[in-house]
Amino acid sequence: ESFAISYRHDDPATAKKVVADVVSLFDKANEVMAKHAVDDANALKAEIADVEAQLSQAGRSRRYSAARSSAVSRTMGNLERMRAERNAIASSVETLSDKQYMLERQISDQRRLISQQQQIVKSAPPSEGRGNGAYTALLKRKFELEAQFQNYSALYTDKNPKVIQTREQLAEVNQRIAQLNADGEQVRALASSPEAQELRTMERELARLETELDVVRREIGRKSQAAAGLPAGATASIPLTLPAGGGSEPAGTNLEFDTLRGRYDALLEKQNSIKKVLPSAGAVAPPLFQVVDQPNLPQSASTPNRRTLMLVGLILALVIALTAAAALEFRRMFAIYDQRDVDYYLGVPVLALIPETFTPAERWQSDRVALKRRITVLVLGAVTVPALALLLNSLGVFQLLANR
């Protein structure tokens with residue numbers, strides 16, 4: 001990947017100096033990384049030589065004891081297999097125990113939620129669309145009468161006809177609701193409510209969790225029974241005595257050899273990865289950052305684009321000039337100034353022309369009016385240009401042109 005670094009400043013020399021300082025940081029980073037690569041390569045080479053010496057010594061010890069320990073190896077293999085089985089069973093039992101604990105917590109939370117939902121179902125009044133339509137209509141009528149009775153109680157006395165009539169209607173509705181409740185209508189209405197359906201869904205989820213918990217408990221029992229069937233000595237370390245006459249196997253020779261072999265392979269892999277960057281210990285590593293072009297002194301300003309600004313200014317000038325000309329000439333379209341206007345509007349030829357004459361006072365007045373018009377145009381132009389500049393600046397047109 002490549003990228004370019006640029007810096008804008010009024011002074012070209014300052015811009016070049018800033019870019020040169022930034023580029024020097026990449027050169028310093030290349031030097032530091034090259035030095036670290038050489039140091040790592042040398043340290044890695046010394047470490048590989050040390051591991052090779054240890055690996056050679058461990059290999060000789062391993063070959064010396066391999067011929068005398070074949071029978072013991074088979075026994076150890078069986079013990080290792082049983083130990084692995086027991087460890088696998090123990091790990092599986094631990095996982096199942098964690099799952100059992102999680103399910104027990106979920107079941108406890110689900111039962112608590114079901115208890116809360118049961119209270120909501122009991123206390124929630126049936127609404128439109130629940131249960132029997134007559135029962136729902138009666139409940140709605142009851143709520144309306146209770147609200148109406150409260151309003152009348154606040155406005156009238158108990159002997160008012162409206163209060164008495166509302167009380168009688170409320171008693172009649174309560175009596176009919178009691179009859180429907182005796183027939184089990186409220187139970188059926190509540191059973192079909194969304195709260196009751198949510199309660200049944202939660203109960204089904206609880207049943208599923210309890211079933212899953214039973215399965216986990218049975219699996220834990222089977223794993224525990226299988227672990228109990230393994231020999232008790234499968235997890236114990238058994239001291240082995242080699243036959244006399246050839247020395248004894250050093251403690252942990254195989255483990256030490258495997259550890260050294262794994263370490264040696266890891267060091268070789270690391271050395272190969274370093275060689276991709278540093279071919280040899282004495283070679284110079286290719287820089288991570290390569291400067292293609294050195295910082296140069298700009299010969300011309302990058303912004304603003306004078307051609308674009310001149311083109312925009314020319315367009316604005318033409319628009320303003322055309323607008324001003326149209327505004328000045330618009331009023332002349334509806335006035336008669338010469339014989340061509342008379343021919344166009346009246347359709348008759350002009351027989352004679354009477355020249356317009358002015359008295360000195362009229363001429364002075366005409367010149368004064370013309371002067372006022374010129375001054376007005378100049379004032380409007382002087383006000384319009386700064387206003388237009390402020391408008392373009394507020395809209396960000398100058399910034400947009402400068403960044404291009």
Side-chain angles (χ1 to χ4, degrees), residues 90-225 391 394-396:
S91 178
S92 178
V93 169
E94 184 178 357
T95 302
L96 291 173
S97 299
D98 294 339
K99 187 175 182 180
Q100 178 184 4
Y101 175 75
M102 182 184 66
L103 289 173
E104 290 175 352
R105 291 294 302 272
Q106 290 179 354
I107 289 173
S108 178
D109 294 339
Q110 192 70 12
R111 287 175 178 172
R112 178 175 55 80
L113 293 176
I114 288 175
S115 177
Q116 295 176 358
Q117 189 67 19
Q118 289 175 350
Q119 297 296 328
I120 293 174
V121 171
K122 292 179 180 179
S123 60
S127 61
E128 291 293 336
R130 296 181 183 175
N132 186 273
Y135 184 80
T136 305
L138 287 174
L139 287 178
K140 183 177 180 180
R141 181 59 179 169
K142 176 183 176 181
F143 295 149
E144 294 176 354
L145 290 174
E146 288 179 351
Q148 187 176 2
F149 182 75
Q150 291 179 359
N151 293 333
Y152 288 162
S153 298
L155 297 175
Y156 309 110
T157 61
D158 293 340
K159 296 182 179 181
N160 189 279
K162 293 184 179 180
V163 176
I164 296 173
Q165 182 181 2
T166 304
R167 187 186 299 111
E168 292 176 355
Q169 292 178 355
L170 182 60
E172 182 180 356
V173 170
N174 289 330
Q175 183 178 2
R176 294 180 62 186
I177 290 175
Q179 292 176 358
L180 291 178
N181 288 335
D183 297 336
E185 189 66 28
Q186 184 179 16
V187 175
R188 289 193 297 271
L190 291 177
S192 62
S193 64
E195 290 83 0
Q197 294 176 2
E198 180 68 19
L199 177 61
R200 288 194 293 271
T201 302
M202 296 171 66
E203 290 175 348
R204 286 195 295 269
E205 179 66 17
L206 177 61
R208 186 189 66 79
L209 292 174
E210 290 177 346
T211 302
E212 188 174 355
L213 179 61
D214 292 338
V215 172
V216 171
R217 287 175 177 172
R218 293 180 63 185
E219 187 67 21
I220 291 175
R222 285 196 295 269
K223 295 289 184 181
S224 300
Q225 186 176 1
L391 177 62
S394 62
L395 295 177

Original post:
Does atom CZ of R176 have more than 12 heavy-atom neighbours from other groups under 6.0 Å away?
Top reply: no

Subject >> R218 atom CZ, neighbour heavy-atom count above 12 within 6.0 Å >> reply: no

Subject >> Separation between OG1 of T95 and CD of E219, rounded to the nearest 0.5 Å >> reply: 11.5 Å

Original post:
Which heavy atom in L145 sits nearest to a heavy atom in T166, and how many Å separate them?
Top reply: O-CG2, 3.7 Å

Subject >> Separation of S97 OG from K99 NZ (nearest 0.5 Å) >> reply: 12.0 Å

Original post:
With R217, which residues qualify under salt bridge (charged side-chain N to carboxylate O under 4.0 Å, His left out), at least two apart?
Top reply: E104

Original post:
Of all residues at least two apart in sequence or in a different chain, which pass the salt bridge (charged side-chain N to carboxylate O under 4.0 Å, His left out) check with E168?
Top reply: none

Original post:
Which of these, E198, R204, E205, sits in a side chain to side chain donor-acceptor pair (under 3.5 Å) with T201?
Top reply: R204

Subject >> R167 CZ to S153 OG distance, which is reported to the nearest 0.5 Å >> reply: 7.0 Å

Original post:
Atom CG in L170, atom CD in E172: separation rounded to 0.5 Å?
Top reply: 10.5 Å

Original post:
In Å, rounded to the nearest 0.5 Å, how long is the span from CE of M102 to CG of L213?
Top reply: 10.5 Å

Original post:
So how far is it from F149 CZ to I164 CD1, rounded to the nearest 0.5 Å?
Top reply: 10.0 Å

Original post:
Who passes salt bridge (charged side-chain N to carboxylate O under 4.0 Å, His left out) against E203, sequence neighbours left out?
Top reply: none

Run the side-chain donor-acceptor check on residues 108-118: report pairs under 3.5 Å with partners two or more places apart or on a different chain.
from, atom 1, to, atom 2, distance (Å)
Q110, NE2, M202, O, 3.1
R111, NH2, E210, OE2, 2.9
Q117, NE2, E195, O, 3.1

**OP:** Using the salt bridge (charged side-chain N to carboxylate O under 4.0 Å, His left out) rule, collect all pairs that involve residues 151-164, keeping only residues at least two apart or in two chains.
**Re:** none

Subject >> Residues that E146 engages under salt bridge (charged side-chain N to carboxylate O under 4.0 Å, His left out), provided they are two or more places apart >> reply: none

